[in-house]
Amino acid sequence: MTLSEIEEKLQKILPARRFHHTQGVMYTSACLAMRWGEDMEKALYAGLLHDCAKYLKKKELYNECVRYGLPISKAEEADPSLLHGKVGAYYAEHIYGVTDPDILGAITYHTTGKPAMSLLEKIVFTADYIEPSRNQVQDLPQIRQLAFTDLDRAVLTILQQTLAYIRGNNQIIDDTTEITCQYYYDLLNGGDANGS
Ligand code: FE
Ligand code: FE
């Protein structure tokens, strides 16, 4: 499907606020693609589709994973809302016709990140956090600037803030988020990225 066909469809499915966020992530991903030399079209698709399964309730996300044989981790079992990336990537492929594995990866990992993300994955992960309609987060102006000057450091800062927020609210932490945070910490502090 074309971008505008997908946009039309998502506008009908997603609540207005979520759709607004989706557009913010799409255009912010495109801007970051311009800055860092990523394919802009890919960034637009990944940004547009990153939350395409976000309208589903926890139980529905869980059931979709069971139905399509998508693996569910312990943290995802405890908090199935974490599954919207994985289910979103499945929908992107099977409903919206996306075949590019990098776009599907960017959708899958936009919530937790993962070690050694591709450029596109880092772009969507970051855009999700800094898009213009976000306003709750601490130090957002600095992180927005960082995203255009040092993308890896922006990724690390977002992971650190996300973990602090989750811990502060006693929510369930996905191991992947912690592992990813350690990976980018080591990467930027000159340590061995493999954790020694
Ligand atoms: Fe999301
Ligand atoms: Fe999002």
Side-chain angles (χ1 to χ4, degrees), residues 3 6-7 9-33 38 42-62 64-65 68 70-73 75-93 95-96 98 102-114 117-118 120-138 140 143-144 147 151 154-155 157-163 165-166 169 171-178 180-181:
L3 278 169
I6 297 173
E7 224 178 333
K9 192 160 173 177
L10 286 178
Q11 187 158 23
K12 289 182 194 139
I13 298 173
L14 298 174
R17 202 175 43 92
R18 177 69 45 192
F19 182 69
H20 191 63
H21 162 72
T22 287
Q23 286 182 308
V25 174
M26 172 170 77
Y27 288 119
T28 303
S29 296
C31 293
L32 288 169
E38 181 53 273
K42 277 167 58 162
L44 287 164
Y45 272 97
L48 177 59
L49 284 164
H50 85 286
D51 272 344
C52 73
K54 185 86 179 181
Y55 66 97
L56 295 173
K57 297 188 178 68
K58 289 184 182 195
K59 187 74 196 152
E60 294 171 323
L61 285 167
Y62 188 90
E64 287 294 81
C65 284
Y68 299 119
L70 308 173
I72 301 169
S73 73
E76 289 166 342
E77 180 125 15
D79 180 8
S81 65
L82 290 165
L83 292 167
H84 79 270
K86 199 176 286 182
V87 176
Y90 187 89
Y91 285 0
E93 184 173 3
I95 297 176
Y96 301 101
V98 171
D102 204 18
I103 297 176
L104 299 176
I107 298 169
T108 304
Y109 296 106
H110 81 267
T111 313
T112 59
K114 68 164 183 174
M117 281 186 273
S118 71
L120 186 67
E121 287 167 344
K122 286 189 281 195
I123 283 174
V124 175
F125 177 82
T126 304
D128 191 29
Y129 203 78
I130 67 165
E131 63 94 0
S133 71
R134 289 258 196 232
N135 55 18
Q136 307 287 56
V137 194
Q138 199 192 332
L140 209 39
I143 298 171
R144 285 181 170 134
L151 188 58
V155 167
T157 307
I158 292 166
L159 287 161
Q160 287 171 330
Q161 282 199 5
T162 302
L163 285 170
Y165 176 84
I166 297 173
N169 287 278
Q171 292 174 356
I172 296 134
I173 295 175
D174 192 305
D175 293 347
T176 315
T177 310
E178 277 183 318
T180 306
C181 189

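Counting starts at 1 for both ligands and their atoms, in listed order.
Side-chain contact annotation: Y165 with Q171, donor-acceptor N/O pair under 3.5 Å absent. Under the 3.5 Å distance criterion, with hydrogens and angles disregarded, a donor-acceptor pair is assigned to the side chains of S133 and E131.
Remark: the backbone N or O of D128 is paired with a side-chain donor or acceptor of R134 at under 3.5 angstrom.
Shortest distance from the Fe ion (ligand 2) to H21 is reached at NE2 (N/O/S atoms only).
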Derivation of the side chain to side chain donor-acceptor pair (under 3.5 Å) call for T112 and D174: CA-CA 7 Å; T112 59; D174 192 305; 5.4 Å; no
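Protein N/O/S atoms found under 2.8 Å from the Fe ion (ligand 1), listed by chain and residue number: D51 OD1, H84 NE2, H110 NE2.
Of the charged side-chain nitrogens involved, at least one lies within less than 4.0 Å of a carboxylate oxygen, so that K86 and E76 count as a salt-bridged pair.
Every residue meeting the ring pair (Phe, Tyr, Trp, His ring centres under 6.0 Å) condition with Y90, not counting sequence neighbours, appears here in chain and number order: Y68, H94.
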